[in-house]
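Here's the structure, in structure tokens; my notes come after.
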Amino acid sequence: MPNTLPTRDGPRVNEEIRAPQVRLIDQEGEMIGVMSARDALARAYEVGMDLLEISPNAEPPVCKITDFGKFKYEQQKKANEARKRQKVVEIKEIKVRPNIDDHDYEVKMRQMKGFIEEGDKVKVTLRFRGREMAHQDLGAKVLERIRNEMAETVKVESMPRLENRQMIMVLAPK
């Protein structure tokens, strides 16, 4: 007959602890010592708390007398904090043209600097239309100018390359 108990992630608690001997830590954090798991469980029930397996791979396993509900709540709080602090790196796209005007160029550079400061990557797409394909050197010069101006704050993740009618370059914060 297969195991009908639901499997659950997290540490083992109370009767789930299968080791015959455990190293016990009481609710105040004091090391009690090695004893049988049954005695440790009896001590936990005496003070109205749970026996929680903290380090199952130790020999013998380390268990602590604690309130399991409170422990789960603390773990959840830590996980939420960690999730709040992590930054998802997005790729922001800036589109330019080979014959971009100076003012437009400066506006795009300001946008790029803002994205880089926030920790995002920037994909610079330079689009060619019609006969501009004959003058790809102009597009390469624009991308080179961008790369030179941003050199101290970014590293070029992918050098300018031609895909169909556009040149693409990816910049990442240093």
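Given the structure is predicted, the values throughout are model-derived calculations rather than measurements.
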Is there a donor-acceptor pair under 3.5 Å between the side chain of Arg127 and the backbone N or O of Arg165? no
Please identify each residue that fulfils side-chain hydrogen bond (donor to acceptor under 3.5 Å, both in side chains) with Glu93, with sequence neighbours left out. Thr125
Looking at Arg18, Arg12, Lys64, which hits salt bridge (charged side-chain N to carboxylate O under 4.0 Å, His left out) with Glu53? Arg12
With sequence neighbours left out, the residues meeting side-chain hydrogen bond (donor to acceptor under 3.5 Å, both in side chains) with Thr153 are none
Scan Ile65, Asn14, Leu51 and name whichever one has a side-chain contact (heavy atoms from CB on, under 4.5 Å) with Tyr45. Asn14
Please determine whether a side-chain nitrogen of the Lys or Arg among Lys141 and Glu144 lies less than 4.0 Å from a carboxylate oxygen of the Asp or Glu. no
Return the set of residues passing side chain to side chain contact (heavy atoms under 4.5 Å, CB included) with Asp101 (not counting sequence neighbours), or none when no residue passes. His103, Asp104
Are the charged groups of Glu149 and Arg145 less than 4.0 angstrom apart, N to O? yes
Under 4.0 Å between a side-chain nitrogen and a carboxylate oxygen: does that hold for Glu132 and Arg97? yes
When you compare the side chains of Asn80 and Arg83, does any donor N or O come within less than 3.5 Å of an acceptor on the partner? yes
Just by modelled atom types, is the Leu52 backbone N or O under 3.5 Å from a matching donor or acceptor in the Asp50 side chain? no
Going only through I, L, V, M, F, W and Y residues with side-chain contacts under 4.5 Å, is there a path from Leu143 to Ile91? no
Strictly below 4.0 Å, N to O, side chains only: are Lys84 and Glu81 in salt-bridge contact? yes
Checking the side chain of Lys72 only, and the main-chain atoms of Asp67 only, is there a donor and an acceptor separated by less than 3.5 Å? no
Quick check on the hydrophobic clustering: are Val13 and Met49 connected, directly or via other members, by side-chain heavy-atom contacts under 4.5 Å? no
